[in-house]
Amino acid sequence: MPELVLVTDFDGTISAQDFYDLAVRELLKPEDIQPWNDFTAGKITHFTAMQRIFGNIRAPESRALTVLEDMGLESDLAHWVDALRAQGWHIVVASAGSLWYIDILLKKAGVTLEVHANPGVYAAGGPLRLELPTHDPFLCPKTGIDKAAIMRHHLGRGATVAHAGDGYPDLPPALLAPPRLRFARAELARQLNERGEAFQPFAAWSEVARSLLNWNGEK
């Protein structure tokens, strides 16, 4: 039987909210997010925009940790991870966000997963200093992590690969998954709809897990 792999985004997928959105609302001023406009105008990369925006945060780490609590990590995450593993699913987190908060939240949930994301250090009083994952085999200068490369890696090994995500960087990897194993919400769902690509909608990561647990091999 082929290996089963779920490549999943973190922000807005395993968690209900993106750290970026919460940081914009709680930790940043309107002028601090100008780099995002530069990205959408094609002037800088997605990673550079995130690096500069997070570099504008000026708040104690204790305040930033409070914001993390509002991300709404999937309830009973450990339960769903254990259930998927029991059915042979290997879970890989692929994120354009930062290991700083992903590691904190997963540790709090008592869950250990394979994670590919951008390293970050939260300085005293801010900012969150985002770095490129230069030692990660799936490095991408534009987003930090090449999510599609992770998909291709496992597909090339003959694995059956599912994907779950919600945002702009999730479109390339999502298109590599078969429709039955392609889970999308928010911006990713909008982009797939525009392309006429079929997918499985979800509102919470537990719905992805439940669907995979009930999967009968159809693609």
Side-chain angles (χ1 to χ4, degrees), residues 8-75 77 93-106 108-109 115-123 125-131 140 142-145 147 163-174 183-194 199 201-208:
T8 177
D9 179 45
F10 189 85
D11 293 54
T13 302
I14 292 180
S15 69
Q17 299 289 328
D18 281 42
F19 176 74
Y20 170 82
D21 293 334
L22 293 172
V24 167
R25 190 170 70 216
E26 303 291 340
L27 303 175
L28 294 162
K29 302 183 295 295
E31 58 269 27
D32 292 333
I33 61 172
Q34 174 59 37
W36 184 256
N37 297 329
D38 293 336
F39 162 66
T40 58
K43 297 178 180 179
I44 60 176
T45 66
H46 184 274
F47 174 83
T48 299
M50 293 297 95
Q51 185 181 53
R52 291 179 181 176
I53 291 170
F54 290 160
N56 286 329
I57 295 175
R58 294 294 182 272
E61 186 175 21
S62 58
R63 178 71 183 102
L65 292 174
T66 300
V67 170
L68 295 191
E69 295 176 5
D70 294 335
M71 287 181 67
L73 194 68
E74 173 62 47
S75 60
L77 179 62
V93 174
S95 173
S98 177
L99 278 169
W100 172 71
Y101 58 81
I102 293 175
D103 284 348
I104 290 172
L105 291 172
L106 290 181
K108 186 174 181 179
V115 180
H116 299 274
N118 300 307
V121 176
Y122 201 97
L128 170 54
R129 298 194 178 102
L130 204 63
E131 303 170 2
C140 172
K142 291 184 178 180
T143 58
I145 293 296
K147 298 185 180 188
H163 179 269
D166 77 311
Y168 157 81
D170 295 311
L171 181 60
F183 300 89
R185 65 185 296 267
E187 175 63 16
L188 176 60
R190 185 188 67 78
Q191 292 184 64
L192 290 171
N193 277 324
E194 285 183 352
F199 62 92
F202 73 96
W205 196 79
S206 58
E207 296 173 23
V208 175

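- Between the Arg129 side chain and the Gln51 main chain, no donor and acceptor come within less than 3.5 Å of each other.
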Query - Pair Tyr122-Ile104, side-chain contact (heavy atoms from CB on, under 4.5 Å): steps then yes or no - result: CA-CA 12 Å; Tyr122 201 97; Ile104 290 172; over 6 Å; no

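- Here the closest heavy-atom approach between residue Pro119 and residue Ser98 is recorded as C-OG, 4.0 Å.
- Between Tyr168 and His46, the gap from one ring centroid to the other is short of 6.0 Å.
- Counting heavy atoms from C-beta outward, Leu77 and Leu106 have side chains that approach closer than 4.5 Å.
- Annotation: side chain of Phe10 is in contact with side chain of Met71 (closest heavy-atom distance under 4.5 Å).
- Between Ser15 and Glu74 there is no side-chain heavy-atom pair separated by less than 4.5 Å.
- Note: Glu69 CD to Gln17 CD = 14.5 Å, rounded to the nearest 0.5 Å.
- From Arg185, atom CZ reaches atom CZ of Arg190 across 14.5 Å, with rounding to the nearest 0.5 Å.
- Using a distance-only test at 3.5 Å, with no hydrogens or angles considered, a donor-acceptor pair links the side chain of Asp18 to the main chain of Gly12.
- By the 4.5 Å heavy-atom criterion applied to side chains, Ile145 and Cys140 are not counted as neighbours.
- Considering OG of Ser95 and NZ of Lys147, their distance stands at 5.5 Å, rounded to 0.5 Å.
- A distance-only check finds a donor-acceptor pair linking the side chain of Asp170 to the backbone of Gly167 [under 3.5 Å].
- Taking the six-membered ring for Trp and the full ring otherwise, the centers of Tyr20 and Trp36 sit less than 6.0 Å from each other.
- Taking Phe54 as the reference, Phe19 meet the ring-ring contact (aromatic ring centres under 6.0 Å, His included) condition, with sequence neighbours excluded.
- When all heavy atoms are compared, the tightest approach of Pro201 to Phe199 is CD-O, 3.5 Å.
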Requested in this report: Please assess Leu99 against Asn118 for the test side-chain contact (heavy atoms from CB on, under 4.5 Å), listing each intermediate value before the final yes or no.
Outcome: CA-CA 6 Å; Leu99 278 169; Asn118 300 307; over 6 Å; no

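- Inter-residue side-chain proximity for Leu188 and Leu171 is flagged as met; some heavy-atom pair is nearer than 4.5 Å.
- At least one side-chain heavy atom of Glu26 sits less than 4.5 Å from a side-chain heavy atom of Arg63.
- Interatomic distance, Ile57 CD1 to Leu130 CG, rounded to the nearest 0.5 Å: 10.0 Å.
- Formation of a donor-acceptor pair under 3.5 Å by the Thr45 side chain with backbone atoms of Thr48 is found in this model.
- Rounding to the nearest 0.5 Å gives a distance of 10.5 Å between CG of Leu73 and CD1 of Ile102.
- Residues Asn37 and Lys43 fail the side-chain proximity criterion, which asks for heavy atoms closer than 4.5 Å.
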Query - Criterion side-chain contact (heavy atoms from CB on, under 4.5 Å) on His163 and Thr8, from CA distance to verdict - result: CA-CA 6 Å; His163 179 269; Thr8 177; over 6 Å; no

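- One distance of note links OG1 of Thr13 with CG of Asp166; it measures 4.0 Å at 0.5 Å rounding.
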Report task. Evaluate the criterion side-chain contact (heavy atoms from CB on, under 4.5 Å) for residue pair Gln34 and Arg52; output intermediate values, then yes/no. Result -> CA-CA 9 Å; Gln34 174 59 37; Arg52 291 179 181 176; over 6 Å; no

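- Using a 4.5 Å heavy-atom cutoff, the side chains of Leu65 and Glu61 are in contact.
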